[in-house]
4 protein chains.
Amino acid sequence: MDVPAGEPRRLAAVAVVLPEGVTPPGTRGRILHEALALYAESGFHGTSIRAIASRVGINSATLYSHYPSKAHVLAELVLIGHRELHARLTAALATHAAPAEQLTALVRAHVQLHTDFPLLAVVTDSELHALPAELSAPALELRDACRRMLLDVLRRGSEQSVFRMPDLVLAATAIGGMGMRVAHWFGPDQPYTREQVAGSYAHFALRIAGAEQP
Amino acid sequence: MDVPAGEPRRLAAVAVVLPEGVTPPGTRGRILHEALALYAESGFHGTSIRAIASRVGINSATLYSHYPSKAHVLAELVLIGHRELHARLTAALATHAAPAEQLTALVRAHVQLHTDFPLLAVVTDSELHALPAELSAPALELRDACRRMLLDVLRRGSEQSVFRMPDLVLAATAIGGMGMRVAHWFGPDQPYTREQVAGSYAHFALRIAGAEQP
Amino acid sequence: MDVPAGEPRRLAAVAVVLPEGVTPPGTRGRILHEALALYAESGFHGTSIRAIASRVGINSATLYSHYPSKAHVLAELVLIGHRELHARLTAALATHAAPAEQLTALVRAHVQLHTDFPLLAVVTDSELHALPAELSAPALELRDACRRMLLDVLRRGSEQSVFRMPDLVLAATAIGGMGMRVAHWFGPDQPYTREQVAGSYAHFALRIAGAEQP
Amino acid sequence: MDVPAGEPRRLAAVAVVLPEGVTPPGTRGRILHEALALYAESGFHGTSIRAIASRVGINSATLYSHYPSKAHVLAELVLIGHRELHARLTAALATHAAPAEQLTALVRAHVQLHTDFPLLAVVTDSELHALPAELSAPALELRDACRRMLLDVLRRGSEQSVFRMPDLVLAATAIGGMGMRVAHWFGPDQPYTREQVAGSYAHFALRIAGAEQP
DNA sequence: CATGAATGAGCATTCATTCAT
DNA sequence: AATGAATGAATGCTCATTCAT
């Protein structure tokens with residue numbers, strides 16, 4: 001029931017994009033790019049240090065001049081992804097004060113992160129568990145903060161009777177879950193723009209929350 | 001924004017459960033069980049044939065008396081998962097004729113598959129891409145059939161003006177996506193029963209579809 | 001300088017032929033046939049017990065009802081080959097009393113063994129060394145007897161001044177060596193009959209021995 | 001009828017010798033040496049990468065820093081062997097213009113290659129078929145060129161009525177075959193020098209060709 | 001006689017990582 | 001910063017052989 005047509009690849013997107021400003025320059029940045037492409041396609045355990053190095057055009061030993069281990073490369077990607085999500089959600093939340101507008105902004109931001117950086121989102125969501133606890137901890141804190149933002153908005157909307165939903169936490173899981181999945185099917189082969197998807201999903205979120213319909 | 005509290009594990013569930021009647025007997029079935037546990041926790045590439053064999057209590061070479069390769073073990077799991085989903089959705093669809101009731105039944109079935117067999121669902125959804133095309137093909141056909149069931153119900157509901165949504169396909173991706181994610185957080189550590197989750201999610205789906213609210 | 005055109009296969013012939021009367025009946029005989037084909041093509045170490053069993057159409061365990069080990073199958077082939085050679089050479093020697101006629105008969109028999117049973121000859125010559133000493137011993141005795149037959153004929157011819165050659169042993173190695181190589185290139189793809197090859201090689205042997213030319 | 005006394009070993013020689021100047025330096029060269037010894041004794045399939053590495057004194061993984069596969073090690077040996085043969089035959093041919101002298105030089109060179117590098121000759125002749133076609137192709141071309149050199153000399157000798165033989169191609173197979181076999185029995189345990197063997201075999205070749213005897 | 005399941009040892013190869021240069 | 005060589009451990013898988021049925 002993952003809707004757009006089923007190909008065996010893990011995601012539909014191809015372009016390897018990282019948020020601006022956060023990618024380190026030079027070889028270190030190229031390592032990050034190529035690792036992202038491979039981790040997204042084949043997963044952390046399915047990707048070898050040699051495969052990354054080969055795509056970068058360096059010797060695999062050289063990678064260790066830039067990162068202390070294969071896991072640290074993933075950790076940096078996972079952290080970049082979570083930081084970008086957290087920053088966007090924080091900014092979205094600040095644009096409005098009313099829960100309905102905040103929920104809209106939050107979901108739009110969440111979805112657009114997944115349309116703008118689908119590879120990063122897939123890696124951030126699906127490969128985090130491959131990291132040892134001490135490397136995933138910073139990302140997990142950000143993830144928790146993001147989760148609380150959504151729950152807070154839903155709670156305030158409920159308290160103000162702007163929202164009406166059977167269960168707050170379940171609504172949050174539903175809204176979060178549908179957004180995360182976008183990274184897997186969004187890509188150049190389907191007809192929607194990022195704004196269309198984000199807008200529709202924000203609309204769905206309002207409906208899930210039981211917001212008064214305009 | 002994956003809501004219940006963040007631990008580094010890939011899913012919250014622990015019990016290894018497979019649908020009744022489809023698990024082969026004897027050693028072959030035990031291999032399937034232990035492989036499911038490991039594939040769910042560490043992924044296909046993160047799981048070694050020796051790790052599976054060791055949990056089963058057999059020599060790793062013995063595994064090859066039952067499956068021709070590591071990938072065939074995954075292929076059987078993935079196929080079982082898709083078959084169970086397809087069977088449940090088909091049965092759900094048959095219980096009613098009206099789109100709203102059908103959508104409710106469909107989403108309840110979809111969600112309950114993810115609460116009843118969370119490990120299988122995670123493997124089915126996340127590890128399918130590790131298979132060579134010829135091994136994933138049967139599952140992909142079933143997946144496509146499931147996708148069409150959901151789209152058909154939404155389409156008929158729209159045509160009968162029972163549903164009202166901005167875009168049919170996007171609604172389907174949202175409904176499907178939120179259900180798939182359930183496998184990751186549902187487990188013994190959270191307070192909801194399978195019926196509560198299924199009921200709430202069916203409710204959310206109706207709202208996403210813009211169904212007339214009672 | 002192995003003359004007919006160079007293909008990567010080990011020998012040109014294809015038909016799997018064993019001497020009449022010596023092949024055991026039933027499954028045991030079929031094992032011998034298929035083992036011969038595989039040992040000739042890929043060598044003892046390059047052939048697995050399962051490959052033999054698969055060609056025979058039996059389970060690999062069944063092979064052990066007929067032979068105590070993989071090496072014993074080879075040992076039987078090697079012994080059959082040496083027995084056939086020894087029998088033919090003995091018969092050839094008995095047909096005449098004069099050294100020149102004896103040498104002719106001996107070389108014709110030697111060459112024809114290699115044209116009649118090229119696979120067996122290749123296995124007999126090239127795979128014997130893969131056997132443990134106790135399994136190869138009976139064949140080695142026969143091989144030694146064959147060697148002595150040739151040397152004796154050459155010696156008697158020399159003593160009677162029918163032959164005239166720089167060195168007896170070296171002549172024997174040359175005559176033996178050229179005959180052994182026949183198994184590698186003789187086959188249906190080249191224009192000579194077994195009689196033509198045998199006749200020419202016998203002629204060459206007489207010349208090597210420095211026999212009076214008719 | 002392989003004449004010098006029968007031991008179960010594949011060849012009588014022990015010293016591992018490779019042509020000067022062509023062996024790569026350092027670890028790569030040592031790998032080549034030890035692989036030659038083992039391939040000659042036990043064949044390609046009977047030799048493990050670990051056995052080679054152990055004789056070299058390196059970890060088996062280190063071998064892959066020098067050769068991409070076990071087959072590539074054999075391919076290099078087989079190519080060295082064929083190159084050396086081709087070079088020696090070419091040089092031999094150039095020393096004289098008359099067919100009889102050319103045949104003598106050719107056979108002396110052929111035989112001496114087998115006395116000087118018996119292990120290499122055995123591997124070159126007997127293990128080539130274990131290579132995939134693309135790895136054996138360069139050697140097969142050289143082998144073909146060598147074959148044509150011998151045939152050309154025999155043909156010119158026949159045309160000039162210096163040689164007189166029943167069949168050109170069969171004479172070539174005989175001359176080539178007897179030379180190849182030398183690698184198997186020549187060694188420290190027998191009384192002939194390389195020059196004695198080469199001289200006698202050249203003499204035999206002239207007789208096979210039916211050359212006018214001085 | 002034949003089998004399917006089982007095994008311990010071994011296979012070629014790849015792994016992430018280290019280190020001297 | 002970058003490399004080629006090196007390594008110990010591990011990879012998926014095949015080996016010849018055994019054994020209960």
Side-chain angles (χ1 to χ4, degrees), chain A residues 26-28 30-31 44-54 56-74, chain B residues 26-28 30-31 44-54 56-74, chain C residues 26-28 30-31 44-54 56-74, chain D residues 26-28 30-31 44-54 56-74:
Chain A
T27 303
R28 186 175 167 110
R30 276 156 56 222
I31 291 171
F44 178 71
H45 292 298
T47 300
S48 80
I49 222 84
R50 276 173 164 82
I52 300 171
S54 153
V56 176
I58 57 172
N59 189 289
S60 69
T62 305
L63 201 144
Y64 288 85
S65 300
H66 300 275
Y67 290 94
S69 84
K70 183 186 167 189
H72 284 81
V73 182
L74 175 59
Chain B
T27 305
R28 186 176 166 111
R30 276 156 57 222
I31 291 171
F44 178 71
H45 292 298
T47 300
S48 80
I49 224 77
R50 281 175 173 80
I52 299 171
S54 152
V56 176
I58 56 172
N59 189 290
S60 71
T62 304
L63 199 143
Y64 290 86
S65 296
H66 301 276
Y67 291 93
S69 82
K70 183 186 168 189
H72 282 82
V73 183
L74 175 58
Chain C
T27 304
R28 187 175 167 110
R30 277 155 54 222
I31 291 171
F44 179 71
H45 292 299
T47 299
S48 79
I49 221 84
R50 276 172 164 83
I52 300 171
S54 153
V56 176
I58 57 171
N59 189 288
S60 69
T62 304
L63 201 143
Y64 289 85
S65 300
H66 301 275
Y67 290 94
S69 83
K70 183 187 169 189
H72 283 82
V73 182
L74 175 58
Chain D
T27 304
R28 187 177 166 110
R30 277 155 56 222
I31 291 171
F44 179 70
H45 293 298
T47 299
S48 80
I49 225 78
R50 282 174 172 82
I52 300 170
S54 151
V56 177
I58 56 171
N59 189 290
S60 71
T62 304
L63 199 145
Y64 290 86
S65 296
H66 301 276
Y67 290 94
S69 82
K70 184 186 167 188
H72 282 82
V73 182
L74 175 58

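Because the structure is predicted, anything quoted here is derived from the model rather than measured.
- Listed by chain and residue number, C/His72 satisfy the side chain to side chain donor-acceptor pair (under 3.5 Å) test with C/Ser69 (two or more places apart in sequence, or in another chain).
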Secondary structure of DNA chain F per the Watson-Crick/G-U criterion (both distances under 3.5 Å; [ ] crossing, | other strand, . unpaired) is .||||||||||||||||||||
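- Remark: C1' of E/dG4 and CD1 of B/Ile58 are 14 Å apart, rounded to the nearest angstrom.
- Across the protein-nucleic acid pair, B/His66 atom NE2 and E/dA5 atom C1' stand 6 Å apart, rounded to whole Å.
- Residues B/Lys70 and B/Phe44 have side chains in contact (heavy-atom distance under 4.5 Å, counting atoms from C-beta outward).
- Using a 4.0 Å heavy-atom distance criterion, B/Leu63 is classed as making no nucleic acid contact.
- Straight-line distance from the CZ atom of B/Arg28 to the C1' atom of E/dA5: 13 Å, rounded to whole Å.
- Phosphate proximity of F/dA6 to D/Ser65: absent, as no side-chain N or O sits under 4.0 Å from OP1 or OP2.
- Annotation for D/Val56 and D/Arg30: closest pair O-NH2, 2.9 Å, computed over non-hydrogen atoms.
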Reading nucleotides 14-21 of chain E from 5' to 3' and marking B where a protein heavy atom lies under 4.0 Å of the base, S where only the sugar-phosphate is that close, and - otherwise, the string is BBBBBB--
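- Residues C/Arg28 and C/His66 approach most closely at NH1-O, 2.7 Å, considering heavy atoms.
- Contact record, C/Ala53 with C/Ser60: CB-CA, 3.5 Å, taken as the closest heavy-atom pair.
- Here the CZ-CD1 distance, from A/Arg50 to A/Ile52, works out to 12.0 Å after rounding to the nearest 0.5 Å.
- The side chain of B/Thr27 places an N or O atom within less than 4.0 Å of a non-bridging phosphate oxygen (OP1 or OP2) of E/dA6.
- In this structure, OH in A/Tyr67 is found 11.0 Å from CD1 in A/Ile49, a value given to the nearest 0.5 Å.
- Residue D/Thr62 has its side chain nearest to F/dA6 when only F/dA6, F/dT3, E/dT7 are considered.
- Interatomic distance, CD1 of B/Ile31 versus CG of B/Leu63, reported as 4.0 Å (0.5 Å rounding).
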